[in-house]
Structure formats: C-alpha cells, structure tokens
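Here is the structure we will look at, set down as structure tokens.
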Amino acid sequence: MAVWKLHGNGTIAPGAVVAPDERLGWGKMVGLGAQHVVAMFGATFLVPLITGFPIPATLFFSGVGTLLFLLITGNKLPSYLGSSFAFISPVLASKAGDDIGKALFGIMLAGILLAIVGGVVHLAGSGWIDALMPPVMTGTIVMLIGFNLATAAWGEANESGFWAAPLTGWITLIAIVLITVLFKGLIGRLSILLGVLVGYVAALVQGQVDFTAVGSASWVGMPHFTLPTPDFGVTALFLPVVLVLIAENVGHVKSVALMTGRNYDKSMGRALLADGVATTLAGFGGGSGTTTYAENIGVMAATKVYSTALYWIAGTMAIALSFIPKFGQAIATIPAGVIGAAGTVLYGMIGLLGARIWIENKVDFTNPVNLIPSSIGLIMGIANFNFTIGGMAFGGVTVGTITALALYHAMRAIARARGTAHPEDAPVGPSDFEPYHVEEV
C-alpha cells in the first residue's frame, strides 16, 4: 500500500503538483480535506433529502465507503465516494411512504453485482465492458436516468419539488446560475451548494423553514441505521443502475489518470469492486448507494493536490459529522422548493453528461443502429414506461436501458448478417474483447 512522502518542504509552489503518494504539511492537508467535504456535500446531501433516507446514515456510509475505496485500491487512486443520483429513480419507485427497506435491498443487490463486475474486470480486463456497452449506449443510459427524474424536480401536489414553492425555487435557480458565471475556481464549482444556501435564506425569510426538530435533536448520537427488507420484486428497478455506476467509475478513473499522468487501467477492477462493496454496505445499513465523485475530481484539478491523504481526512470528517444528530436535522430543514430547484439543475446536468459521452466519442447518428435504439430507449426512460411482470416492477429506467441495449446488439448483428451494416460496424474481432495490457500503478 502506498504511503505519503513529504512534498518538498511541506508547501506547494505555484504550478507545482502534489502526487497521490505525497502530502503537504498536515495542517494544510486538514484544510484541503475539509474542502473536499464541502465539495461532495452539495450533491451528497440532496439524495437523502429527495429520497427520504436518513441524512446521518448517508454521510456515515459515504465516509466509510471512501475509506474502503482507498484500502481496496491500495491507497493509490484518489477518489471520494458520495451518493449516486442514479439510485434516485428506482428508490422513489420502490419506496412506500417512509419504508425504505425494499429500496435498501435493491441498493444492496446493485452493490453486490457491481462488486462481481469489478472482480471480473480485475481478472479479465475491461474490454468486454466496451463491447457490451459502447459509448452510444453508455451515453443513452446516463441520459435517460437524468431525464427520467424530471418529474421529481417539479414535484407533485404542492408537497415536493419546485412546485411546492415556485418563488423560492426561482430564487435558488437564479442564484445557482449567477454564481456559476460570476465566480471562478472553487466558488464557481460549488455553485449548487451556494445557490441552495441562498434559496434557504429566501425560504427562511418567507417562513418556510421549521426548526422544531433541530431544537429537540442532541449534539452527539448514533446515526439511525436501517436493515433492508428482502424483496426480489425490486431487482429489475435497480440492476440497470449498475451500468451507470460502471460508466461513472471508468470515466472518473480515466480522468484522474489524465490529471496525474499515471496509468490506472489496471486499477479499474479494484475501483469497481470497491464501489460495489461500499454500495452493498450502504444498502445493508440504511445509506444511499455510492459512486466516485466528479465534484472532488474537479477540486483536485483546481488545486493540483492529488494526495490520497486528503480523502482519508475527508472520509473521516464525513463519519464524524454523521454522529451529530443536530447537524442532520438542520440539513433536513431545507424546504422542498429549494430541493426542487437544485434537482432541476442536477438532473439536467446528469442527462447532458450522456450527450457529452456521445460528443467526446464522436458517435455517428447517421447510423440507424445507433440512432433507433437510443431514440426508443430515451423516450421510454423519459416517459417512464413501466410494467409489472410476475410481481417484478420494471420502471422507465429499466425498460429504457434493457430495450436500448437489446435493440442495439440485435440490430447490429442482423445488419452484419444481411450485409447492410454501416461502415463503422465492422465484424466483431478479437480486439473487441481484448483486455487492457498496461503497466499497473
């Protein structure tokens, strides 16, 4: 396992880079670690607010998951595990009232499958993932998950989302937009968190915030843990999320590799395994499913400090915050209008990440094998096509994902067999499944 050596004299000069196995003075490291807590917090706390999960438990498993990630990857890969937005849609579809047991079981199943995938990738390479889920399908799946949440952002019956308090929602939304374009660096990157704070003040002025639960909460206490309720009927709702977690982790690992100048391809399997273990543990105890966080990768890019020590500090801080019930209750006072506005931005950004995958990989939509499956899958996801077969529920994300993947591979195979394939659809050869041959970091 990698250990940290002191970078220079413990300070960082302009333009210098602190490598993953280096550190600055511990005083500076604590401050930078706290910055990573702030960076992950803006998105992580929204998931339990939207889904009704306990906030302290979510923070606890986020911190524990991060520490497990560092251990499993040999303390070589700097990343933070926060709440994954990909779980919101299946959680809302499977959760009845305040009972989160079935949703937790689904999260646990998704984590187990992701861990298995990670083990396979570690042993056999990741070429088979590229063959199963090429960029056109990865982009489609990410996009339909984001846009499937559009109705959650708007809300229902004046009880949740933007609809609950339109004025507060607009204030929050405008604040996020203005902070994004008015400020550079960390402040600009934290526009959603700061916009939520502005919206919170606006809601406070309008009398939309109730502090009763905060006053009655203690300063120190255990997080509220919840055991899952076994129900395989939710399986179909959650398993497609694994495809998104794979895409997110692979993308983030490659981003870190580019920033640090190190090759992490051989660590890909360990990263997937680690996220799978963290998600399984969260599902078993009452936390939200996890994923590697782009927000923290952005902070590393801005500071040029890639030390894994920062994530040990950030994970420990998140765990410490989970043992302050008053803190969790204070977060829970954020009103629905503010959450709906933040969700409007975040869900749209998730959807457009799918488009970014298409653009970066130059997906050709003049090819009907790309165009038709993507189009059908997106409409099914956005419109939330849902079916119940034999007691198993299939929501829009599941239906859209499975349909898109099945149509893509079927159309590609038929086109090849009939000789009508587009030039880019060359016959499958060994290279389609060849594992990566790279030096392990």
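Given the structure is predicted, the values throughout are model-derived calculations rather than measurements. Both backbone and side-chain heavy atoms feed into the values below; hydrogens, waters and symmetry mates do not.
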Could you tabulate the donor-acceptor pairs under 3.5 Å formed by side-chain atoms of residues 174-183, not counting sequence neighbours?
| from | atom 1 | to | atom 2 | distance (Å) |
| --- | --- | --- | --- | --- |
| T180 | OG1 | I176 | O | 2.7 |
| T180 | OG1 | S191 | OG | 3.0 |

Could you give the side-chain donor-acceptor pairs of residues 111-120 under 3.5 Å, partners two or more places apart or in another chain?
none

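Shortest non-hydrogen contact noted between L144 and G377 is CD2-O, 3.7 Å. For the pair S307 and M29, the tightest heavy-atom approach, listed with the atom from each and the gap, is OG-CE, 3.4 Å. The two residues L405 and L132 come nearest to each other via the heavy atoms CD2-O, 3.8 Å. For the residue pair G65 and A278, the shortest heavy atom distance occurs at CA-CB, 3.6 Å. Across all non-hydrogen atoms, the minimal contact from P48 to S83 is CD-OG, 4.5 Å. The minimum heavy-atom distance between A336 and A164, with the atom names listed, is CB-CB, 3.7 Å.
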Using the rule given for side chain to side chain contact (heavy atoms under 4.5 Å, CB included), can you reason through F87 versus L245, listing the C-alpha separation, both sets of side-chain angles and the distance that settles it, and then say yes or no? CA-CA 10 Å; F87 283 102; L245 297 180; 3.8 Å; yes

Determine whether F365 and V136 satisfy the following criterion, side chain to side chain contact (heavy atoms under 4.5 Å, CB included), listing intermediate values before the conclusion. CA-CA 9 Å; F365 282 109; V136 62; 4.1 Å; yes

Working note: V30 + M317, criterion side chain to side chain contact (heavy atoms under 4.5 Å, CB included); need CA distance, chi angles, decisive distance, verdict. CA-CA 10 Å; V30 170; M317 285 183 174; 3.8 Å; yes

Going through the distances and angles, do V18 and K304 end up as a side chain to side chain contact (heavy atoms under 4.5 Å, CB included)? CA-CA 6 Å; V18 178; K304 306 299 182 186; over 6 Å; no

Check step by step if ring-ring contact (aromatic ring centres under 6.0 Å, His included) holds for F61 and F53. CA-CA 12 Å; F61 286 109; F53 276 33; over 10 Å; no

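Residues passing the ring-ring contact (aromatic ring centres under 6.0 Å, His included) test with F211, sequence neighbours excluded: none. For the side-chain hydrogen bond (donor to acceptor under 3.5 Å, both in side chains) test, residues two or more places apart in sequence or in another chain that qualify with T11 are N9. Every residue two or more places apart in sequence or in another chain was checked for a ring-ring contact (aromatic ring centres under 6.0 Å, His included) with Y347, and none qualifies. For the side-chain hydrogen bond (donor to acceptor under 3.5 Å, both in side chains) test, residues two or more places apart in sequence or in another chain that qualify with E22 are H7. Partners of F147 by ring-ring contact (aromatic ring centres under 6.0 Å, His included), not counting sequence neighbours: none found. Applying the side-chain hydrogen bond (donor to acceptor under 3.5 Å, both in side chains) test to T140 and every residue at least two apart in sequence or in another chain returns S374. For N296, the side chain to side chain contact (heavy atoms under 4.5 Å, CB included) partners at least two apart in sequence or on another chain are H36, A39, M40, Y80, Y293, Y311. The side-chain hydrogen bond (donor to acceptor under 3.5 Å, both in side chains) check on S218 picks up nothing, with sequence neighbours excluded.
Looking only at side-chain heavy atoms (C-beta outward), W4 and W312 come within less than 4.5 Å of each other. Using a 4.5 Å heavy-atom cutoff, the side chains of I334 and F45 are in contact. The shortest distance between side-chain heavy atoms of N384 and T151 does not fall below 4.5 Å. Counting heavy atoms from C-beta outward, K76 and S267 have side chains that stay 4.5 Å or more apart. Between F284 and I107, the closest side-chain pair of non-hydrogen atoms is not below 4.5 Å. Contact annotation: the side chain of H122 approaches that of R270 to within less than 4.5 Å [non-hydrogen atoms, C-beta and beyond]. No side-chain heavy atom of T172 sits under 4.5 Å from any side-chain heavy atom of F162. Between I319 and L59, every side-chain heavy-atom pair lies at or beyond the 4.5 Å cut-off.
We find the CG-OG1 distance between L70 and T308 to be 6.0 Å, quoted to the nearest 0.5 Å. Within the model, atoms CD1 of I141 and OG1 of T401 stand 5.0 Å from one another, a figure rounded to the nearest 0.5 Å. Between L243 atom CG and I402 atom CD1 the span is 9.0 Å, to the nearest 0.5 Å. Note: I88 CD1 to S288 OG = 8.0 Å, rounded to the nearest 0.5 Å. Distance CD1/I359 to CG/L352: 9.0 Å, rounded to 0.5 Å. Within the model, atoms OG1 of T292 and CG of L272 stand 9.0 Å from one another, a figure rounded to the nearest 0.5 Å.
Not one N or O on the side chain of Y264 forms a donor-acceptor pair closer than 3.5 Å with the backbone of A271. Side-chain N or O atoms of D210 include one that pairs as donor or acceptor with a backbone N or O of T212 at under 3.5 Å. Listed for the K102 side chain is no donor-acceptor partner under 3.5 Å among the backbone atoms of D231. Remark: the backbone N or O of L71 is not paired with any side-chain donor or acceptor of N75 at under 3.5 angstrom. Judged by distance alone, the side chain of N148 and the main-chain N or O of I382 form no donor-acceptor pair under 3.5 Å. In this structure, the side chain of S62 engages the main chain of L81 through a donor-acceptor pair within 3.5 Å. Judged by distance alone, the side chain of T279 and the main-chain N or O of G276 form no donor-acceptor pair under 3.5 Å. When atom types are taken as modelled, the side chain of N361 and the backbone of P135 share no donor-acceptor pair closer than 3.5 angstrom. Side-chain atoms of T138 come within 3.5 Å of backbone N or O of M133 as a donor-acceptor pair. Side-chain atoms of R262 never come within 3.5 Å of backbone atoms of A257 as a donor-acceptor pair (strictly under, hydrogens ignored).
Taking the six-membered ring where the residue is Trp, the centroids of F327 and W219 are separated by 6.0 Å or more.
With a 6.0 Å radius and a threshold of 12 heavy atoms from other residues, nucleotides or ligands, F323 has its CZ atom above the threshold.
Relative ring orientation between F232 and F105 is described as perpendicular, the plane-to-plane angle rising above 60° on a 0-90° scale split at 30° and 60°.
A side-chain hydrogen bond (donor to acceptor under 3.5 Å, both in side chains) with T290 is found for one member of D275, T58, T66, T44 and no other, namely D275.
Residue pairs that meet the salt bridge (Lys or Arg N to Asp or Glu O under 4.0 Å) test with at least one member in residues 330-358, sequence neighbours left out, are R356-E360. Applying the side chain to side chain donor-acceptor pair (under 3.5 Å) test to pairs two or more places apart or on separate chains, those with a residue in residues 196-205 are Y200-T333.
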